[in-house]
Amino acid sequence: MESTNSNPVSWGEFNFDASKEQNADAKVIVNTDTNSQTADSSAQKKPYQGKKGKGQSKFEKLQEQVDEEVRAKWELEQNTLKLQLIEQDTFDWKLEKDPTKSTLRYVGAIDISYSKNDDRKAVAALIVCEFPSMKVLYEDFEQETADYPYIPGFLAFKEVPVYTILFNRLKSNQPELWPDVLLVDGNGILHNRGFGCASHVGVLFDVPSIGVGKTVFAVDGLTQLGVKELCDKYLQKGGDLIELVGKSSKVWGAALRSTNDSKNPIIISVGHRISLETSIKVVKSCIYKFRIPEPIRCADLKSRSLVKKYYDS
DNA sequence: GCGACAG
DNA sequence: ATCTTGTCGC
């Protein structure tokens, strides 16, 4: 009867079993240091390797921080999980009042902030807000030491471990607050393999999810600058939203000018079990007075203040 | 082949 | 992601 979320969750060579976390009051920090840096682990992982040549681009340097083997494994993992991806509304709630359906009630959000002194030290936060009041009903956070640096195209593999802990704790402590929809900082299907962090998290935890980014991930001809130009042109006409259509004519997401005076748009893409149309509605409804949707902003503020408190003070 | 790449 | 200074607006 636990088919919704398997526990423990495993990906790649790792296993995370947050069910071990007994001291699970929300708003209580539990330090789960899963990586004991034993000198002789069988690991062939080479995180945070130093750079090599000097003629390399930033991108090459990033890419070389994990083995070919690891990247191949990650791509396989993404392509496998992608088989479960659903890009349409698969839930029984509506944003509007509807006698035959329930109303959207819980909007979740996750975010991670990193130490300025140590790339690996971070604090992740999980927030659940009541919709549409945006009142915070639940907040939890977790310190972590990341196994890998940020690799474009593989963001999920850096962030999912700590999210797993947070979601398992939510499930065991306050299952009634399980989010109807989850906002993830990062992209959903707007990704070079069509399976960004938001989709990854959505499939893994079987929750409708939406990717909300602050910049454009270049794919299928879409670029930060190109979208920027389109937005400027479109905004002159008074619009607040443009679809992100790639050279292949595929619609990858949408750029939304979320507030009247925001210079840059936010990038919305389908995560899992939701359509782009509904994703846009949800995100718009979660904008309070800032460019970033309130739940994500709360998670961001929370994790940012804690990472400062625990690592940079 | 080269360049471009969420957080 | 993180670091910066000032500046505009409620």
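All figures in this text were calculated on a predicted structure; none of them were measured in a lab. Here is the naming used below: chain letters follow the sequence lines, and residue numbers restart at 1 for every chain.
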Would you say A:Tyr150 reaches B:dA6's phosphate, i.e. side-chain N/O to OP1/OP2 under 4.0 Å? yes
So what does A:Val216 touch, heavy atoms closer than 4.0 Å: a base, only the sugar-phosphate, or nothing? sugar-phosphate
With pairs taken as Watson-Crick or G-U wobble and both distances under 3.5 angstrom, which stems of at least three consecutive pairs involve DNA chain C? none
Report the distance from atom OG1 of A:Thr103 to atom CD of A:Glu96, rounding to the nearest 0.5 Å. 9.0 Å
Report yes if a side-chain nitrogen or oxygen of A:Thr223 is closer than 4.0 Å to either non-bridging phosphate oxygen (OP1 or OP2) of B:dC5; otherwise report no. no
A:Asp67 and A:Lys73 ion-paired at < 4.0 Å: no
Which is the 5'-most and which the 3'-most nucleotide of DNA chain C that has an atom under 4.0 Å from a heavy atom of chain A? C:dA1 to C:dC3
Would you say A:Ser199's side chain and A:Phe195's backbone share a donor-acceptor pair under 3.5 angstrom? no
Is there a donor in the side chain of A:Ser313 and an acceptor in the side chain of A:Lys308, or the other way round, less than 3.5 Å apart? no
Salt bridge present between A:Lys121 and A:Asp312 (N-O < 4.0 angstrom): no
So if I take residues 192-199 of chain A and measure heavy-atom distances to DNA chain B, which residues fall below 4.0 Å? A:Gly196, A:Cys197
Which residues within residues 269-283 of chain A lie with some heavy atom under 4.0 Å of an atom in DNA chain B? none
Measure the CD1-CZ distance between A:Ile296 and A:Arg291 for me, rounded to the nearest 0.5 Å. 11.0 Å
Please work out whether the ring planes of A:His191 and A:Phe217 are parallel, tilted or perpendicular, with thresholds of 30° and 60°. tilted
Hey, is the main chain of A:Gln88 close enough, under 3.5 Å, to the side chain of A:Ser275 for a donor-acceptor pair? no
Under 4.0 angstrom, heavy atoms only, what part of the nucleic acid is A:Asn187 near: base, sugar-phosphate, or nothing? base
Mind checking whether A:Trp93 and A:Phe91 have parallel, tilted or perpendicular rings, split at 30° and 60°? parallel
Does a side-chain N-to-carboxylate-O contact under 4.0 Å join A:Arg169 and A:Asp140? yes
My understanding is that only residues two or more places apart in sequence, or in another chain, count here; which of them pass side chain to side chain donor-acceptor pair (under 3.5 Å) with A:Arg304? A:Asp300
Output yes when A:Arg105 and A:Glu130 qualify as a salt bridge under the 4.0 Å nitrogen-oxygen rule, no when they do not. no
Does A:Arg297 qualify as a cation-pi partner of A:Phe290, given the criterion of NZ or CZ under 6.0 Å from the six-membered ring centre and within 45 degrees of its axis? yes
Can you tell me how far apart CZ (A:Phe141) and OH (A:Tyr310) are? Round to the nearest 0.5 Å. 5.5 Å
What class does the angle between the rings of A:Trp74 and A:Phe154 fall in, given that below 30° is parallel, 30 to 60° is tilted and above 60° is perpendicular? tilted
Involving DNA chain B, stems made of at least three consecutive Watson-Crick or G-U pairs, both distances under 3.5 Å: none
